[in-house]
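Atoms within each ligand, like the ligands themselves, are counted from 1 in listed order.
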Amino acid sequence: MRMVDLIEKKRNGEVLSESEIHFIINGYTNDEIPDYQMSAWAMAVFFQDMNDKERADLTMAMVKSGEEIDLSAVEGIKVDKHSTGGVGDKTTIALAPLVASLGVPVAKMSGRGLGHTGGTLDKLESIPGFHIELTTQEFIDKVNENKLAVIGQTGNLTPADKKLYGLRDVTGTVNSIPLIASSIMSKKLASGADGIVLDVKTGTGAFMKELSDSKELAQAMVKIGTKLGKKTMAVISDMNQPLGLAVGNALEVKEAIAMLKGEGPEDVLELCLTLGSHMVVMAKKANSVDEAREALQEAITSGKAIATLKTFIEAQGGDSSVVDDLSTFPEAPFKIEVKAQSEGMVKSIEADRIGTAAMMLGAGRATKDDDILLDVGLILHKKIGDAVKKGDTLVTLHSRTEQAAEVEAIVQKAYEVANEHIEAPTLIYEEITASSGTGFVL
Ligand code: URA
């Protein structure tokens, strides 16, 4: 087999076989295929697409390029959740203990990541004493004992994806549905879950800005997961404004805790109940999503969810008293209020700009070696559809510096206040399941 022939085959819109796809991925991982040929092939895929079988074959080839996590020693059906990412997305921190409190085993492998705030691991480390350095055996034992444990990424998972994603980033080939879907799904499949619930974001602050693109990506990932024998479904949720009110590391953990106490923002709760009920059904801990939703709500009101969170924190060396006394979280020294300059209703909040503001305050990292601050960030006081008077506080900045004029200006730019009636946006647009085919509108 020669790479040049396979590039031409794809360029001409033909279908690649399983062995041809494995040849490409193995060759690239082993440095036998150079970047210039792989770039040409990725561009051919960008323009000519891949059919469902090619997409599944590509995903599997990337899974097989590295180690796979074996979670067979964890009792029960392991269901993982993945979000395509957005601003203020603290869902994992609230959702993991919530579903674990109903007996769903959550063996979560999380990353630090780049972006507006740290990843789930960074956020959890704002809890005094909490650590994620567990051996594989400790990790498995803790999931079996408490139904929940979180560990940093171990091993050499999907090296082909790592290499190809880096190449796509600089060759204009990121935005390709088969390449994105196989990239995300290969990482999920290599992490050893039996079932996968995907939260595909849509809107100005999301990777996919248009609902039609988000739907296409969701359908592609559900088809890949299903074809490869994993129960997979996707929820398409709104990212036209940040999720919840808090953006920042400790601030988001505090909001997730508030949600588990039944005191969190409505949108965070709704998203967790929607995603969580599908996870609970997949794990066979309820017979229907309605039954699961009711059980999740009961876990919040009875205190079962918050008790699971405390046990989980203690099991990983953390001080669980922070859950009862949120004032023990790291707190930024300066609070700066950004005020509304006109009266009306909030028409839009550009999530991207809010993310940039959080990053400028120090909440996120631009390169993997950057340090991040756990205490800084923003609290939104107004969301889309809220009425505002001139001088009302739109956002409070939690800052390490007394002045943050540049950040204030960005937040002002993020908000549009209009003199007209504005409805709050829809939170959940669609649910895509293997049997729904094209997905069904709720
Ligand atoms: N996230 C991923 O993991 N891969 C992509 O290709 C795009 C977003």
Side-chain angles (χ1 to χ4, degrees), residues 21 24-25 28-29 35 38-39 41-47 49-50 54-63 65-66 68-69 80-87 89 91-92 108-121 152-153 155-193 196-210 213-225 228 230 232 234-237 239 351-352 355 364-366 368:
I21 289 173
I24 294 169
I25 293 302
Y28 188 53
T29 313
D35 280 349
M38 201 61 184
S39 311
W41 178 79
M43 192 59 86
V45 172
F46 183 95
F47 282 113
D49 207 342
M50 286 181 136
E54 287 176 293
R55 292 174 181 195
D57 289 342
L58 175 59
T59 305
M60 214 50 212
M62 294 208 283
V63 170
S65 71
E68 292 170 66
I69 305 293
D80 200 358
K81 169 244 155 195
H82 177 81
S83 159
T84 58
V87 181
D89 190 3
T91 322
T92 298
K108 190 87 195 145
M109 190 167 287
S110 272
R112 296 197 179 277
L114 307 177
H116 320 299
T117 62
T120 298
L121 288 188
Q153 243 137 39
N156 182 27
L157 295 194
T158 60
D161 172 63
K162 217 168 275 164
K163 204 170 167 202
L164 180 55
Y165 192 52
L167 186 74
R168 285 166 54 212
D169 212 15
V170 293
T171 55
T173 50
V174 167
N175 244 333
S176 151
I177 296 280
L179 296 180
I180 300 170
S182 58
S183 165
I184 294 174
M185 290 305 289
S186 66
K187 287 180 280 231
K188 289 289 110 182
L189 291 165
S191 304
I196 302 154
V197 172
L198 299 158
D199 178 13
V200 179
K201 305 283 190 193
T202 195
T204 55
F207 190 59
M208 292 284 172
K209 315 276 180 217
E210 300 296 329
D213 292 337
S214 306
K215 189 168 158 177
E216 209 188 318
L217 176 62
Q219 285 168 341
M221 292 194 288
V222 169
K223 277 190 186 163
I224 289 172
L228 295 175
K230 303 286 175 187
T232 310
V235 169
I236 301 183
S237 71
M239 192 34 77
D352 271 354
R365 52 170 86 76
K368 68 181 175 36

Residue shell around ligand 1, heavy atom under 4.0 angstrom: Tyr165, Arg168, Ile180, Ser183, Ile184, Lys187, Phe207
Taking Met62's backbone N and O only, do any of them form a donor-acceptor pair with Thr158's side chain (distance below 3.5 Å, no angle check)? no
Pairing residues for Ala218 by the side chain to side chain contact (heavy atoms under 4.5 Å, CB included) criterion, not counting sequence neighbours: Val200, Ala234, Ile236, Ile432
Taking atom CD as the centre, does Glu68 end up with more than 12 heavy-atom neighbours from other residues, nucleotides or ligands that are less than 6.0 angstrom away? yes
Pairing of Lys187 and Asp80 as salt bridge, 4.0 angstrom limit: no
Rounded to the nearest 0.5 angstrom, the OG1-CE distance for Thr204 and Met239 is 9.0 Å
Any luck finding a side-chain donor-acceptor pair between Ser186 and Asp161 under 3.5 Å? no
